[in-house]
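Only one structure is covered here, and it is reproduced in the block below.
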There are 2 protein chains.
Amino acid sequence: MALAQAIMTSLLDADLSGSELARDFEKSMGFFWQASHQQIYQELRKLAAKGWLNKREVNQSGKPNKIVYGLTLAGRESLAEWVYGPTRVQPTKDELLLKLYNLNEDNVEHIVGEITARREEVMKRLYLYEAVRRRHYDDPASLPVRHKGVYLALESGIHQGEQFLAWCDEALSLLASVEKRKA
Amino acid sequence: MALAQAIMTSLLDADLSGSELARDFEKSMGFFWQASHQQIYQELRKLAAKGWLNKREVNQSGKPNKIVYGLTLAGRESLAEWVYGPTRVQPTKDELLLKLYNLNEDNVEHIVGEITARREEVMKRLYLYEAVRRRHYDDPASLPVRHKGVYLALESGIHQGEQFLAWCDEALSLLASVEKRKA
DNA sequence: GCCGTTGTTGCAAAAAGTTGCATCACGGCA
DNA sequence: TGCCGTGATGCAACTTTTTGCAACAACGGC
């Protein structure tokens with residue numbers, strides 16, 4: 001959808017290679033934007049062709065060479081303009097909610113298991129987010145402007161995580177009664 | 001991703017035509033699954049070909065005929081099995097969060113506007129969800145099993161909405177200080 | 001020197017989703 | 001009678017994303 005901008009945003013602070021970007025997309029940026037390495041490499045070449053990124057090859061000791069990309073002036077300008085354009089949201093599609101529509105006595109147990117597992121996952125991610133917040137964003141009001149934005153994106157992830165945990169608890173407690181009745 | 005199952009789930013209670021389904025996907029089911037009518041019509045034909053749906057033409061007065069689809073036994077069985085398979089989540093991709101990473105003195109105002117607009121939208125949807133909850137799910141504990149699942153899916157939407165409103169307030173209050181400093 | 005492992009980049013086919021338009025039936029109305 | 005609006009279904013081209021795999025460099029061990 002806006003993979004190009006997600007990549008360019010990642011390059012705001014530092015030049016990165018495809019593999020470094022791919023790793024980034026599993027951490028910070030990946031908190032709210034996901035992309036496979038195949039997607040990233042392809043997009044990088046497109047962006048370089050458009051003149052929004054420049055590339056240079058960097059020798060590495062012990063590893064194959066990497067191709068490091070950086071924003072050009074045109075790239076920065078296009079990104080800055082993009083902010084004023086229309087904003088799209090691609091709402092979550094969660095098969096778990098779909099499964100809930102198919103709840104019955106036979107599969108409650110399985111679905112409870114899935115919710116429990118998911119709760120665990122989300123909790124782990126939440127710990128990670130909160131560690132980052134404690135480490136870098138202790139006093140949001142005093143942050144430089146751009147970092148306030150980054151902080152708010154992180155906060156959004158934290159809010160969502162907490163909300164999800166609360167929902168899990170509600171769901172598990174409601175479904176516990178179903179399981180009992182079944183037994 | 002699992003459009004087939006989303007459609008079949010919609011057909012659990014009642015047989016529907018393509019256009020009726022498309023309307024559904026903007027309401028109840030659409031709260032957590034979106035699909036265009038083109039996607040739906042295509043998928044319906046695929047599912048009918050697989051033997052999971054049956055179709056019949058229904059004459060309508062004042063409108064062109066519609067083709068109504070219903071679950072076959074094979075369809076119901078495949079759906080019931082699907083519940084035990086792996087669950088995928090397609091996390092939200094929200095360009096607004098991406099834009100926040102690009103926050104600066106120049107665009108704060110615009111971004112504040114976007115957040116405000118989004119807050120409004122979400123609030124409207126939330127009213128809708130809550131109306132449904134009051135109307136149909138007043139006493140969750142006493143619902144039949146399957147409806148408990150549907151209720152929980154709705155609850156998930158409500159939680160998310162409330163969380164988002166809270167986040168907006170936090171964001172707007174933090175960004176207000178930036179705007180002031182700018183002025 | 002060969003072999004497996006890891007890291008980096010890449011290709012290609014398939015699936016999923018989007019966009020824009022086309023068709024056709026019906027009714028209302030000028 | 002001709003024309004327009006609406007509702008229902010559908011086609012085709014395109015873009016985006018996913019899946020699975022390939023090439024190749026370096027290093028470590030043997």
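Values in this document were obtained by computation on a predicted structure and should not be read as measured data. Heavy atoms only: backbone and side chains are in, while hydrogens, waters and symmetry mates are out. Just so we're on the same page: letters track the sequence lines, and every chain starts at 1.
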Open item on the list: Going by ring-ring contact (aromatic ring centres under 6.0 Å, His included), name the residues that satisfy it together with Tyr84(B), two or more places apart in sequence or in a different chain.
Closed with: His110(A)
Task: Residues forming a salt bridge (Lys or Arg N to Asp or Glu O under 4.0 Å) with Glu20(B), sequence neighbours excluded - done: Lys66(B)
- [ ] Identify, with sequence neighbours excluded, every residue that meets salt bridge (Lys or Arg N to Asp or Glu O under 4.0 Å) alongside Asp13(A).
- [x] Arg146(A)
Open item on the list: Generate the contact string for nucleotides 8-17 of chain C. Rules: B means base contact, S means sugar-phosphate contact only, - means no protein heavy atom under 4.0 Å.
Closed with: SBBB----SS
Task: Contacts of type ring-ring contact (aromatic ring centres under 6.0 Å, His included), residue Tyr69(B), not counting sequence neighbours - done: none
Task: Span of DNA chain D, from the first to the last nucleotide whose atoms fall under 4.0 Å of chain B heavy atoms - done: dG7(D) to dT19(D)
Task: For Thr87(B), side chain to side chain contact (heavy atoms under 4.5 Å, CB included) partners two or more places apart - done: Asp94(A), Glu95(A), Leu96(A), Lys99(A), Glu114(A), Arg118(A)
TODO: Using side chain to side chain contact (heavy atoms under 4.5 Å, CB included) as the criterion, list what pairs up with Ala22(B), not counting sequence neighbours.
DONE: His37(B), Ile40(B)
- [ ] Check side-chain hydrogen bond (donor to acceptor under 3.5 Å, both in side chains) between Glu170(A) and all other residues, then give those that pass, not counting sequence neighbours.
- [x] Tyr151(B), His159(B)
